Amino acid sequence: MALIQARAATDPTLETEVVTYREALFRAMRDALARDPRVIIFGQGVDDHKGTFGSTLGLAQEFGAARVFDTPLAEEGMTGIAIGAALNGLYPIQTHIRSDFVLLAMNQIVNLAAKYKYMFGGRFEVPMLIRMVIGRSWGQGAQHSQSFQSLFAHVPGLTVIMPASAQSILECYPYVIGRHRGPVLAIEHRLMYDLKFRMDEVAEKANGSPLTSRKVRAGNDVTIVATSIMVLEAQRAAEHLARVGGIQCEIIDLNCVSHPDRSLIVESVGRTGKLLVADTSWQAYGVCAEICRIVCEHSPSALKAPVVTLGMQPAPCPTAKSLEDRYYPNLRDLTDAVATLVTGTDHHGIPLPDEHSMADVYKRFKGPF
Amino acid sequence: MALIQARAATDPTLETEVVTYREALFRAMRDALARDPRVIIFGQGVDDHKGTFGSTLGLAQEFGAARVFDTPLAEEGMTGIAIGAALNGLYPIQTHIRSDFVLLAMNQIVNLAAKYKYMFGGRFEVPMLIRMVIGRSWGQGAQHSQSFQSLFAHVPGLTVIMPASAQSILECYPYVIGRHRGPVLAIEHRLMYDLKFRMDEVAEKANGSPLTSRKVRAGNDVTIVATSIMVLEAQRAAEHLARVGGIQCEIIDLNCVSHPDRSLIVESVGRTGKLLVADTSWQAYGVCAEICRIVCEHSPSALKAPVVTLGMQPAPCPTAKSLEDRYYPNLRDLTDAVATLVTGTDHHGIPLPDEHSMADVYKRFKGPF
Amino acid sequence: MKFPGIYEELFYKALRIRLVEERIIELYPSDKIQSPVHLSIGQEAVAVGACQSLKQTDLLFCSYRSHAFYLAKGGHLREMFAELYGKATGCGHGKAGSMHLAAPEVGLMGSSAVVASTIPHAVGAALAAERLKKPQVIVAVFGDGATEEGAYHESLNFAALHKLPIVLLCENNGLAVHSKLEARQAYRITDQAKSYGLPVAYLADGHDVVKVHEVFSGIVGEVRRSRCPHFVEIRTCRYKEHVGPDEDSHAGYRSVEELQAWKSKDPLILNQELVAQYRPVILQEIDDAVEFAERSPWPERSELLSDVV
Amino acid sequence: MKFPGIYEELFYKALRIRLVEERIIELYPSDKIQSPVHLSIGQEAVAVGACQSLKQTDLLFCSYRSHAFYLAKGGHLREMFAELYGKATGCGHGKAGSMHLAAPEVGLMGSSAVVASTIPHAVGAALAAERLKKPQVIVAVFGDGATEEGAYHESLNFAALHKLPIVLLCENNGLAVHSKLEARQAYRITDQAKSYGLPVAYLADGHDVVKVHEVFSGIVGEVRRSRCPHFVEIRTCRYKEHVGPDEDSHAGYRSVEELQAWKSKDPLILNQELVAQYRPVILQEIDDAVEFAERSPWPERSELLSDVV
Ligand SMILES: Cc1ncc(C[n+]2csc(CCOP(=O)(O)OP(=O)(O)O)c2C)c(N)n1
Ligand SMILES: Cc1ncc(C[n+]2csc(CCOP(=O)(O)OP(=O)(O)O)c2C)c(N)n1
Ligand SMILES: [Mg+2]
Ligand SMILES: [Mg+2]
């Protein structure tokens, strides 16, 4: 199933339901409200005419202002309020239109939400969902472009997901809201909102928790572990390399950054001997580092070549397009890195794709921010 | 020099100056005030009769309340105030008696201090020092025991140091305050404040920046990369293993967590083939992960065995002594892990030391918190 | 227990807290309580007076200085001592210590060692009470220092904006660790609270337990009826050092006279007759609780990694 | 340039900002400005009136909505357009974009896209002015929404407590993105500011540029003399959408009448005579600046990793 689903972004012509990331989010939000009267959604702008980039549009009208409401600008306070609301029976969904602003709520998230269960000997639970959006393109700049998965995933007690498809959203969010009993941080990517994904029917059948990693492409030449929009980039690179270079990439969508499927990763690297990690954030102390740890602690001898990691350049994000284009790894870079890793030489002679990464998507994006 | 200095904590009888961590901090603070009238120190309790565990004691009296002053409880605001003060000519030193509270200031640190130079094209600088203390022992619990080096070190623009000796303090702090032009976070360990360290005379001679890693013990059997108090634990384990097992550990004090000396690490691992990382925080997405990344990206084939990592257990810190004793790796665990790694078997037969880690230090500690 | 009147009942409850704290002081040198203790001695009447009119279903959130509120709200004494001892039978199964007492069964919903951090929790619980139509009153307890934190401002604004059934209770002991109010605050706490449109009450004498109870019960009644937030500031005095079992009035950071003035008005010191009357039964209860703690087992090794996610 | 009187001078400066914003609107569809723009149209008089009495050595900190203040404080127009274009000659060398304009040479010390985040910077700069005995006045500019953030409370308290030479200026346009004040605030901004002991001024008409200037120059004089903090709230109106070049009054989140009422008082609309008089020279300056931006080179590749630490 995962394999088919994975092709959606690149091949939306397949004959099953096609759902955008935004629609999936909207469905997850609407269903949550409809299923359980204890669910509330709040955040700046959830009830306005843009509706959190469409993901909460009209829900205040449908379910009432008591359940879907705007808030003052008060990230720390509102996160504390979410915790208190959860402790007294509500299921709060808090939204942030940029993950950068969540730094204001780090104390409540890390010192309180992550600890509330353990610190009191298991006598409390704080089931709640915090949604936040990564920005990119159109001059988002240093303060509207960060993705802090590693800051959260470092802290025991938190569950961190980064959906890379509509399927992941429709599998994970209902599970998180309906069955998971702790605080979850969902990091969404703004540039995926408009993308179409093919939905797999078995979504509902999944037994066990969807809060783990998933193999989205099988291959024996190299293992690519990726997060969020980098999963799509990796899929594009993989399609290209399969077509023009006969290289078969295996792609693992990390999906649940705090609880990756270690054995999936270790098994894959054991088979391919080559590992590339592609993340939406900086490499140092990030996902790239953590995946290396997993492999190093288990079987470093499986690695037949140095690991390659791709992420944002080690700097704040510049706004000028000319610099921003170089700030993120593009499809050429990624394809070249994979080809070099697999062939063992940078004179691999494999033709690189023309576009810079998902350039059409990135260029088309002009807000709303 | 580093090699000699390293033995101070274990062998304070050597005939050179012996300085406690606290004294070193105090000297650094006092000298900074004395050298430059633009230096100010503020934080909760810097001017009281405990003086930030002695590190600022009497400085308000000596230098006046305009330069050393108490603050309201307002971590985010005060960090912003430090930034503004730096922009207009002061050199602010902000203190936090626990690093846990710094989460309240993450927005100012990550979104502002780390970005101010880059975001405006290099037109501003924010030279400032934020000191924070890691707590441990005597029931510090979930909210008074965390060390967040990886959260900061993930973010370009920040410099993060974790002094593991008086020497490091007296080399790094004056350099940071007097010559470094950006924001620096210094993460100190409460349980080192009373420890004595032998000072090496060449401290002042050091040319180049001290903001990097340092080899504190040479050996060919295994590379131990450690931070903060874990450097001392590693030194104890190493002395023991050299004595009873003929095992020679090489120890690298990471010291500058944000800017580790990659070649020092890679060279060492290339020689020993074995790596153990010991950090004061959780392993996932932490120092343990980052060191694995460095090795994986450079030469994973150097690793002749899986990497071993030691850190806090993957949970918030419990308060009960019986649980806390198991929460942190102790000297036995560490020694056993090294012996197992070096010999390749857990039936290594090397006798383990008696005490649980630096149990005397940990037991003696009863505040002030 | 039966009491001739409300004064005696409140006195008894306050004395019980004082004697518990004094037992902790006695025990502390034995190192059996390996936990930083922020004692409530001097502030008992605030907790007792405030909790008297609360129901078990009313929820209270407080700070690391929570011994008094834990007991006043109805938390079990045995589980408190066991928690201080780090035992499996403690109210937090040995994971909480003195700074994180909780007793959900009687509505004590948690206490946190990060200043001001539970104030928004109380507001959130009040939001839930309002949305789920629970007839609860929620209480947030915090010190004067907590009012300096940004989250305090955010909490008051939200509580007032959404008209939530909450009492915001500031225990003003004039100190944050060793800092006086004047070194920290440009505002008067109640005046600042008024600016959010909150009805405020100010009580200058936190030792007057009956007065505290009367005022508080009026306010709790009002909140229960109107479902609107109220603010109360009560001046009080901590007798001991900020954290730990000792006196530190010699340290010079506060005036010994002021401390004496408070003590000279303290019913638990003045009314030795009542003390003599209630002391024995309370000590018995404390003995029992301490023995329970002593006898109780340490947490299992498996507890280390349980209840994380 | 010479002006017959202060009104004309202020009018000219406000018109200049308006015309710059309008040029941005014109250019925007070309995608040459790839940056989210938070236009100041409707709010020009606040910036112009406030900055008129400031010296270049006085420091000002503002938000992402900073075009007006950047220009009013004396920032170069060429460098502003170059920055919007992402060029190396921009005031932030192409790393800043519209949201992070700065001009340290004239005292514009930075603008941040995180709401309220520069308020404490201004307080800190005022602390430095005080400690280093610099005769500066520091100005913090922020929107009504910013007053909801905890850091705002912390900043006001500290500024008042330490009596720092700062003017806290709230540009109240009644909106945070699409949210009205009533959905966000239980307090009145000036009343709440008063609770910190700050002297406050409230101006209902942000279009009255001369009045803004008079009031502000009185306050700036007072701060320069007394070295004590002051608070000013000015009501104003943003004409365009929160971010971007369009109108969105049809979207229904605010009343079209209110917007019209503001426009009907707007000198830049009413006084077409003066507009006609000043427009040509301003347009020339704008043409030149845009041409400068067009001609300027992109940042070097090496810029990507420079100025990080
Ligand atoms: C956010 C935060 N900052 C600093 C501290 C350190 N600290 C612990 S208690 C305290 C004083 C709090 O004073 P107040 O709120 O008046 O409570 P009191 O101790 O007087 O009951 C401080 C500064 C902390 N625990 N949390
Ligand atoms: C901390 C933070 N939270 C949320 C946002 C998203 N946001 C951007 S502007 C804005 C509204 C701010 O309103 P106000 O302070 O009144 O300024 P105005 O835009 O009206 O000038 C919001 C919520 C942000 N940038 N920063
Ligand atoms: Mg107090
Ligand atoms: Mg506004």
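What you see is a predicted model, and the numbers here were worked out from it, not measured in a lab. Each chain gets a letter, A, B and so on, in the order its sequence line appears, and its residues count up from 1.
The pair D:Glu130-D:Arg227 fails the salt-bridge criterion, with no side-chain N (NZ, NE, NH1 or NH2) lying under 4.0 Å from an Asp/Glu carboxylate O. With salt bridges taken as basic N to acidic carboxylate O contacts below 4.0 Å, one links B:Arg38 and B:Asp36. For B:Arg214 and B:Asp261, the salt-bridge test fails: no basic side-chain N is under 4.0 Å from an acidic carboxylate O. Under 4.0 Å is where a charged nitrogen must lie from a carboxylate oxygen, and between B:Glu62 and B:Arg30 at least one such pair does.
Looking only at atom types and distance, the side chain of B:Asp47 has no donor-acceptor partner in the side chain of B:Gln61 under 3.5 Å away. In the model, B:Ser99 has no side-chain atom that pairs as donor or acceptor with a side-chain atom of B:Gln146 under 3.5 Å. For the residue pair D:Ser112/D:Ser117, the side-chain donor-acceptor check at 3.5 Å is satisfied. Side-chain atoms of B:Gln149 and B:Asp279 form a donor-acceptor pair, as typed in the model, at a separation below 3.5 Å. In this structure, a donor-acceptor pair under 3.5 Å is absent between the side chains of D:Ser98 and D:Ser35. Side-chain contact, B:Gln143 with B:Asp100: no donor N or O sits under 3.5 Å from an acceptor N or O.
If you measure heavy-atom distances from D:Leu304 to chain B, the contacts under 4.5 Å come from both the backbone and the side chain. For a residue to count as touching a neighbouring chain, one of its non-hydrogen atoms must lie under 4.5 Å from one of that chain's; by this rule B:Phe120 touches chain D with backbone and side chain alike. Of the two parts of D:Leu161, only the side chain, counted from C-beta on, holds a non-hydrogen atom closer than 4.5 Å to a non-hydrogen atom of chain B. Contact annotation for B:Ala66: both backbone and side-chain heavy atoms come within less than 4.5 Å of a heavy atom of chain D. Heavy-atom distances place both the backbone and the side chain of B:Glu76 under 4.5 Å from chain D. With a 4.5 angstrom heavy-atom cutoff, B:Glu125 does not touch chain D via any of its atoms. When heavy atoms are compared at a cutoff of 4.5 Å, B:Ala86 does not approach chain D at all. Contacts between D:Val308 and chain B at a heavy-atom distance below 4.5 Å involve backbone atoms as well as side-chain atoms. Neither the backbone nor the side chain of D:His153 comes within contact range of chain B; no heavy atom of the residue lies under 4.5 Å from a heavy atom of that chain. If you measure heavy-atom distances from B:Leu112 to chain D, the contacts under 4.5 Å come from the side chain alone. Interface residue B:Ile40: only side-chain heavy atoms are found under 4.5 Å from chain D. With a 4.5 Å cut-off on non-hydrogen atoms, B:Pro156 touches chain D through its backbone and its side chain both.
Chosen from D:Ser111, D:Ala151, D:Gly97, the residue pairing most often with chain B at heavy-atom distances under 4.5 Å is D:Ser111. Contact tally against chain D (heavy-atom pairs below 4.5 Å) for B:Asn111, B:Val126, B:Thr71, B:Leu90: the top residue is B:Leu90. Here D:Glu154 is the residue among D:Glu83, D:Glu303, D:Glu154 with the most heavy-atom pairs under 4.5 Å with chain B. Heavy-atom pairs under 4.5 Å with chain B peak, among D:Cys91, D:Ala96, D:Ser155, at D:Cys91. Comparing B:Gly182, B:Pro72, B:Ala82 by how many heavy-atom pairs each has under 4.5 Å with chain D, the most go to B:Pro72. Among the candidates D:Gln136, D:Met109, D:Glu105, D:His162, the residue making the largest number of heavy-atom pairs closer than 4.5 Å to chain B is D:Met109. Note on B:Pro183, B:Gly84, B:Gly77: by heavy-atom pairs under 4.5 Å with chain D, the leading option is B:Gly84. Across B:Phe124, B:Tyr116, B:Phe69, the residue that shares the most heavy-atom pairs under 4.5 angstrom with chain D is B:Phe124. Residue with the most contacts toward chain D among B:Met78, B:Arg181, B:Arg123: B:Arg123 (heavy-atom pairs, distance under 4.5 Å). Note on B:Ala74, B:Ala114, B:Pro92: by heavy-atom pairs under 4.5 Å with chain D, the leading option is B:Ala74. The candidate from D:Ala113, D:Ala102, D:Pro104, D:Gly150 with the greatest count of non-hydrogen atom pairs under 4.5 Å with chain B is D:Pro104.
Every residue was checked against the ring pair (Phe, Tyr, Trp, His ring centres under 6.0 Å) condition with D:Tyr85, not counting sequence neighbours, and none meets it.
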Take B:Lys215 and B:Asp253 through the salt bridge (charged side-chain N to carboxylate O under 4.0 Å, His left out) test and state the conclusion after the steps.
CA-CA 6 Å; B:Lys215 188 186 291 187; B:Asp253 171 5; over 6 Å; no

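Contact detail for B:Cys172 and B:Ile161: the closest heavy-atom pair is CB-CD1, 4.0 Å.
Scanning residues 51-81 of chain D against chain B with a 4.5 Å heavy-atom cutoff picks out D:Leu59, D:Phe61, D:Glu79, ordered by number.
In this structure the side chain of B:Ser228 never reaches within 4.5 angstrom of the side chain of B:Ile187, judged on heavy atoms. Side-chain contact between B:Val176 and B:Leu211 is present, with at least one heavy-atom pair separated by less than 4.5 Å. Side-chain contact check for D:Pro165 versus D:Lys134: every heavy-atom pair is 4.5 Å or farther apart.
Put simply, the side chain of D:Asn172 never gets that close to the backbone of D:Glu233: no donor and acceptor are under 3.5 Å apart.
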